[in-house]
Protein chains: 2
Amino acid sequence: MDFSIGELSKATGVKVPTIRYYEKEGLIEAPIRTEGNQRRYQERDLDRLRFLKHCRDLGLPMEAIRELIDLSLHPDQPCSNANRIAADQLQAIRARIAHLKKLEKELARISASCTGEHPAADCNILKAFGDHDLCLSDHK
Amino acid sequence: MDFSIGELSKATGVKVPTIRYYEKEGLIEAPIRTEGNQRRYQERDLDRLRFLKHCRDLGLPMEAIRELIDLSLHPDQPCSNANRIAADQLQAIRARIAHLKKLEKELARISASCTGEHPAADCNILKAFGDHDLCLSDHK
DNA sequence: GTAATCCCTATAGCGGCTAGAGGTTCAAGA
DNA sequence: TCTTGAACCTCTAGCCGCTATAGGGATTAC
């Protein structure tokens with residue numbers, strides 16, 4: 001019928017202290033309590049937390065999730081904000097991928113520049129780490 | 001001959017409070033001071049900070065940078081650690097790219113699933129954020 | 001000489017948790 | 001019914017790598 005925080009944690013993969021943290025942050029509602037002050041959750045809390053976790057797994061910042069939750073609590077409002085949030089996040093992810101690819105290229109070059117068998121004084125890796133001018137691109 | 005912290009900052013692109021933070025963390029040496037207690041840096045501090053910044057730009061964690069600095073202070077030691085650090089970082093970057101690509105795929109699908117003109121109750125984006133089962137891959 | 005700009009220390013805050021201390025409640029077995 | 005032991009409670013502090021602010025002192029250009 002209702003879950004303890006530990007059961008909710010197992011069902012969602014969100015750790016117990018994290019659930020309490022989300023509650024403190026207002027991202028999930030404070031559930032009812034037993035006489036002994038322990039939290040007891042309902043089905044809808046499970047849905048909400050699954051939503052939250054999925055959003056976090058997709059990399060959304062908590063502020064964006066807050067907006068999405070607000071929106072789902074007002075089902076008559078237009079969903080243009082949800083659209084914007086998804087598009088923004090997609091763009092942010094693509095920017096990060098582009099940046100990481102530059103780093104990958106530089107690191108591959110640096111990593112291959114020395115076999116690790118020299119004294120440090122002659123190590124090309126140490127030189128490459130020290131000198132951005134040796135880099136092929138401008139990796140920020 | 002020597003630089004103030006602001007000049008060092010401009011020369012490297014590292015912000016002033018960050019330079020002081022690096023000093024507190026032992027990543028750069030505490031420089032000499034003027035009679036009025038202001039820091040004055042030398043050429044070698046500039047080199048060190050450039051090294052540090054380049055490593056940070058490449059995504060190395062400070063602990064790894066600490067090891068690299070140690071190594072460059074012992075030029076007779078073998079550089080196998082530098083090799084390992086570069087290889088580890090390369091692997092870490094590649095793992096992050098792989099993960100972000102999964103997110104990109106899911107977000108592109110989610111983002112395209114709704115034009116943003118519906119009431120929230122019917123919004124496919126909200127549904128997709130809520131339900132991982134709709135996802136094509138297992139993005140963590 | 002004075003005003004503008006730099007510099008100093010110390011502390012707190014960011015995001016998103018996570019770990020620990022020290023104590024209470026619950027549920028299963030004897 | 002009693003007892004154990006696991007799970008729960010609150011509160012505080014810590015993680016990384018900075019960044020911002022407050023409240024002052026030093027330096028430099030005019």
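Just the heavy atoms: all of them, side chains too, but no hydrogens, waters or symmetry mates, feed the values below. Convention: sequence-line order gives letters A, B, ...; per-chain numbering from 1.
Residue-environment remark: CD (B:Gln91) stays at or below the threshold of 12 foreign heavy atoms within 6.0 Å. Around NZ of B:Lys127, the count of heavy atoms belonging to other residues, nucleotides or ligands within 6.0 Å exceeds 12.
Per the geometry, CZ belonging to A:Phe3 stands 15 Å off P belonging to C:dA27, to the nearest Å.
Under the salt bridge (Lys or Arg N to Asp or Glu O under 4.0 Å) criterion, A:Glu67 pairs with A:Arg84, not counting sequence neighbours.
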Check your understanding: What string of B, S and - do you get for nucleotides 1-22 of chain D, 5' to 3', if B is base contact, S is sugar-phosphate-only contact and - is no contact with any protein heavy atom under 4.0 Å?
Key -> -------SSB------BBS---
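The two residues A:Leu126 and B:Ala82 make their nearest non-hydrogen contact at CG-CB, 4.4 Å.
Remark: side-chain polar atoms of B:Ser113 are paired, donor with acceptor, to backbone N or O of B:Ile110 under 3.5 angstrom.
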